[in-house]
Amino acid sequence: MKSSRLIRNIMKAVRVAQFGGPEVLKVEENVPIPKPQDNQVLVKVYAAGINPVDTYIRSGTYAVKPALPYTPGNDVAGIVENVGKNVTTLKEGDRVFSMRTVTGGYAQFCLTEEQFTQPLDDNLTFEQGAALGVPYYTAYRATVISGKARAGETILVHGASGAVGLACVQLAKNLGLTVLGTAGSKAGMNIVEENGCDFVFNHKSDNYTQQIMDATKGEGPDLIIEMLANVNLDKDLNMIKKKGRIVIVGNRGTIEINPRLTMAKECIVTGIVLMNSTPDDWKEMNASIQTGMQNGWVKPHIGKEYSLNQSSTAHNDVINNTGTQGKLVIKL
């Protein structure tokens with residue numbers, strides 16, 4: 001049965017009328033429910049994920065700026081309410097998650113493209129589904145596609161207690177790597193360890209880089225996944241194994257490095273953006289995540305839940321935290 005709100009054709013949604021701080025996020029109650037076009041899916045949203053990039057877009061500092069007003073959010077999970085006439089892989093009533101919305105995920109309903117909308121396994125809750133898209137697909141693209149991780153190697157997830165970091169830990173363990181991770185609090189370190197990390201270090205400790213080198217018998221990791229390059233890239237270049245790879249997933253500013261380190265190590269430093277993925281990348285990532293859900297190694301950790309009215313608080317928390325612990329989600 002269609003919801004009463006759909007019959008009325010209006011919904012609650014967060015709207016941004018001007019770029020600025022978290023206070024520009026406003027809940028409106030009379031937002032029109034969008035209608036799906038040919039290749040689109042209308043999803044009744046049960047949970048929406050909060051990503052740091054959401055805050056960059058909201059502030060107006062991101063490279064791509066949406067037309068105002070807009071609704072933030074790309075990670076969603078819910079139930080298919082309706083589909084466009086050309087949609088063949090999904091139907092009304094399906095449990096789904098998406099990592100890319102058309103109309104924004106901080107809303108009771110949103111539009112997604114069929115190609116970016118995947119079945120949500122019954123093993124996972126909607127809250128976990130909202131923690132799947134950007135974190136797990138980014139983790140796979142960074143670790144496997146760009147990082148070329150291989151069984152038997154050693155990987156360092158530099159900032160492992162966040163949503164992407166934990167996804168990297170779970171993925172790398174499943175692939176047969178020795179996994180090292182860092183976090184900035186005891187609670188964060190515990191979560192990283194609980195998710196299968198072999199060695200966990202506190203990156204606020206003065207000598208943690210030496211501890212990592214000792215754990216790798218002085219050679220350093222084969223692969224480093226970096227969540228905060230403006231703080232850690234110089235450390236990564238000093239730690240990376242000769243001919244190793246550093247993949248930058250997150251960055252919030254500039255850093256001064258000595259390029260001579262890249263010469264001595266003959267290492268590769270690269271960055272990724274999920275939405276630069278090719279059709280073949282998406283096919284590979286979809287297959288891996290679906291298999292991971294079925295086999296049980298995909299286990300998103302929810303750090304905190306918020307209501308739609310608390311979206312401003314969520315935006316503040318995702319940036320100004322003292323120690324990231326999993327994914328922040330809005331529960332609708």
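The figures here come from the full heavy-atom set of this structure, side chains too, leaving out hydrogens, waters and symmetry mates. Treat the numbers as computed from the prediction; the structure is a model and nothing was measured.
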### Message
Side-chain heavy atoms under 4.5 Å apart, restricted to Ile/Leu/Val/Met/Phe/Trp/Tyr: what other residues fall into the cluster of I268, or is it alone?
### Response
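Direct or chained contacts put I268 with none.
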### Task
Compute whether any side-chain donor of one residue and acceptor of the other, for Q170 and Y136, lie under 3.5 angstrom apart.
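Yes - a donor-acceptor pair under 3.5 Å links their side chains.
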### E284 backbone acceptor or donor facing S288 side chain under 3.5 Å
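Looks like no, no N/O pair under 3.5 Å.
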### Query
Checking R245 side chain against G147 main chain: does a donor-acceptor pair fall under 3.5 Å?
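Yes: the side chain of R245 pairs with the backbone of G147.
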### Query
Are H158 and Y208 close enough that their ring centres sit under 6.0 Å apart?
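Aromatic pair counts; centres sit under 6.0 Å.
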### Message
Ring centres under 6.0 Å, that's the criterion: do Y306 and H315 meet it?
### Response
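No, the ring centres sit 6.0 Å or more apart.
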### Task
Fit a plane to each ring of Y70 and F19, take the angle between them on a 0 to 90° scale, and name the class: parallel (under 30°), tilted (30 to 60°) or perpendicular (over 60°).
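Y70 and F19: tilted rings.
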In terms of heavy-atom contacts, does [atom1] of [X] have more than 12 from other residues, nucleotides or ligands at under 6.0 Å?
{"X": "K283", "atom1": "NZ", "value": "no"}
{"X": "N207", "atom1": "CG", "value": "yes"}
{"X": "Q18", "atom1": "CD", "value": "no"}

### Message
Tell me which one of V144, I145, N276 satisfies side-chain contact (heavy atoms from CB on, under 4.5 Å) with D281.
### Response
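Exactly one option meets the side-chain contact (heavy atoms from CB on, under 4.5 Å) with D281, and it is I145.
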### Query
Of T112, V80, L111, which meets side-chain contact (heavy atoms from CB on, under 4.5 Å) against L42?
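Exactly one option meets the side-chain contact (heavy atoms from CB on, under 4.5 Å) with L42, and it is L111.
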### Query
Applying salt bridge (charged side-chain N to carboxylate O under 4.0 Å, His left out), which residue pairs with at least one partner in residues 214-231 are found, sequence neighbours left out?
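Only E219-K241, D222-K241 qualify under salt bridge (charged side-chain N to carboxylate O under 4.0 Å, His left out).
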### Message
Once salt bridge (charged side-chain N to carboxylate O under 4.0 Å, His left out) is applied, what residue pairs with a partner in residues 175-199 remain, sequence neighbours excluded?
### Response
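Sorted pair list: K173-D198.
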### Message
I'd like to know if V169 and V134 are part of one continuous hydrophobic network [Ile/Leu/Val/Met/Phe/Trp/Tyr, side-chain heavy atoms within less than 4.5 Å].
### Response
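Yes, same cluster.
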### Task
Check whether V16 and L308 end up in the same hydrophobic cluster, where Ile, Leu, Val, Met, Phe, Trp and Tyr are linked by side-chain heavy atoms less than 4.5 Å apart.
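In one cluster with V16: L308, yes.
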